[in-house]
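Everything on this sheet refers to the single structure shown next.
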Amino acid sequence: MASANRCSYTFEEYKESAEWLLAHTDKRPELVIICGSGLGTLAEQLEDKTSFKYQDIPHFPLSTVPGHEGRLVFGKLSGKQCVCMQGRFHFYEGYPMSKVTFPIRVFHLIGVKTLIVTNAAGGINRSFNVGDIMLIKDHLNIAGLSGQNPLCGQNDERFGVRFPCMSDAYDKQLLSLALEIAKEMNYSSFIHQGVYCMLAGPTYETIAECCMLNTLGADAVGMSTIPEVIVARHCGLRVFGLSLITNKVVMDYGTHEKANHEEVLQTCKLRAKDLQAFITKLVSKVD
Ligand SMILES: O=P(O)(O)O[C@@H]1C[C@H](O)[C@@H](CO)O1
């Protein structure tokens, strides 16, 4: 377990993992899709699939959360070679940020150029409904602001610069493409843009915390995504992100509603097909 929680990897370790994948499949994906909680069925859309369990890939962490399968699935979506992470790693699982983000650098080394990242999130913006989709235009990195940034520690210039810019984290072209697609598919009534905020978890937020996040400008809150986005931008991947609003966060002391993971997974099931159709269309138009 000591090695499981190491705070950094060597370049050679990322390379070993990448070389293992390249040796075990002749598929060369240009795009990676990270499936959020309960959103793993996205990977079932791929054609001509080849999958690997995380436990078989050198240095890969293991998924421990219900709704996260723990498999990498290679295959074609809309005619494009993709790889899906069916299950991601979260900081609250006890993994250091280096482990949470380990796969991203491996994808970079196997030639992936674009990251599509999805998550389940609580809706803070009062105009959002359960089942809505929020396209991420920016983020609030609360874990990072409190010292848990995945790029802390020695910088490896082979991946990227010491001080990467984050004001352009979410690709504007992909965002406007997604908005066009939402119109075309008649999804506009339940698709919004907004700011995603990550807390470390695993506790859901208190009422006071939700009110604070609302004041800070967050539209949705979750426990993932931002570390992956930071590491992806550091090594030059283009990023598109979306949140499925699985519940409305509680901001009122008069309510008996409580956030729970079962509701999160249930909402994912209800919206899975629309989300898959949306991402499939988006992938078809990504150049
Ligand atoms: O992996 P994501 O961010 O989709 O998962 C969310 C955050 C927690 O892991 C879990 C809480 O219900 O869902």
Side-chain angles (χ1 to χ4, degrees), residues 32-43 54 60-73 84-97 99-104 115-124 128 130-136 138-144 148 150 169-170 194-206 209-210 213 218-232 239-250 257-272 274-276 278-279:
V32 56
I33 304 171
I34 302 183
C35 304
S37 277
L39 300 171
T41 51
L42 256 174
Y54 291 162
F60 249 66
L62 299 181
S63 286
T64 68
V65 185
H68 292 262
E69 291 288 333
R71 254 197 314 247
L72 267 195
V73 185
C84 275
M85 272 186 83
Q86 225 179 8
R88 63 144 59 85
F89 313 113
H90 304 86
F91 182 70
Y92 65 73
E93 291 174 82
Y95 293 138
M97 287 297 186
K99 212 156 204 156
V100 169
T101 58
F102 177 81
I104 304 295
L115 166 67
I116 296 183
V117 62
T118 69
N119 60 59
I124 296 175
F128 292 180
V130 171
D132 285 0
I133 293 170
M134 184 189 85
L135 311 182
I136 305 176
D138 203 349
H139 69 221
L140 274 171
N141 184 9
I142 302 287
Q148 290 291 346
Y170 300 87
V195 175
Y196 174 82
C197 173
M198 180 216 177
L199 302 187
T203 45
Y204 290 111
E205 302 68 40
T206 64
E209 284 163 353
C210 291
L213 298 179
D219 295 296
V221 59
M223 306 175 193
S224 69
T225 301
I226 294 178
E228 295 149 349
V229 169
I230 289 174
V231 171
V239 172
F240 172 79
L242 65 79
S243 299
L244 177 63
I245 305 302
T246 52
N247 56 291
K248 285 179 133 186
V249 303
V250 178
E257 280 173 40
K258 289 181 181 182
N260 65 86
H261 194 54
E262 289 66 41
E263 182 189 8
V264 168
L265 295 181
Q266 187 58 30
T267 310
C268 290
K269 250 191 213 156
L270 296 177
R271 211 26 127 195
D274 295 327
L275 202 64
Q276 281 162 17
F278 184 66
I279 290 182

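Indexing begins at 1, ligand by ligand and atom by atom, following the structure's order. By convention here, the first residue in the shown sequence is residue 1. Note: hydrogens, waters and symmetry copies are ignored here, and every other heavy atom, side chains too, is used. Here the structure is a predicted model, which is why all the values come from computation and not from measurement.
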For ligand 1, which atoms sit closer than 4.0 Å to a heavy atom of [X]?
{"X": "Val264", "answer": "12 (O)"}
{"X": "Tyr204", "answer": "11 (C), 12 (O)"}
{"X": "Gly36", "answer": "4 (O)"}

**Asked** Under a 4.5 Å cut-off applied to non-hydrogen side-chain atoms, are Val249 and Phe128 in contact?
**Response** no

**Prompt:** Do the non-hydrogen side-chain atoms of Asp219 and Ile124 ever get within less than 4.5 Å of each other?
**Reply:** no

**Message:** Between Arg271 (side chain only) and Val130 (backbone N and O only), is there a donor and an acceptor less than 3.5 Å apart?
**Reply:** no

Can you check whether [X] has an N/O within less than 3.5 Å of an N/O in ligand 1?
{"X": "Asn119", "result": "no"}
{"X": "His90", "result": "yes"}
{"X": "Tyr196", "result": "no"}
{"X": "Ala120", "result": "yes"}

**Prompt:** How about Phe89 and Tyr54: are their ring centres within less than 6.0 Å of each other?
**Reply:** yes

**Request:** Using distance alone, with no hydrogens and no angle criterion, decide if Asn119 and Thr225 have a side-chain donor and acceptor under 3.5 Å apart.
**Result:** yes

**Item:** Separation of Thr64 OG1 from Glu93 CD (nearest 0.5 Å)
**Value:** 3.0 Å

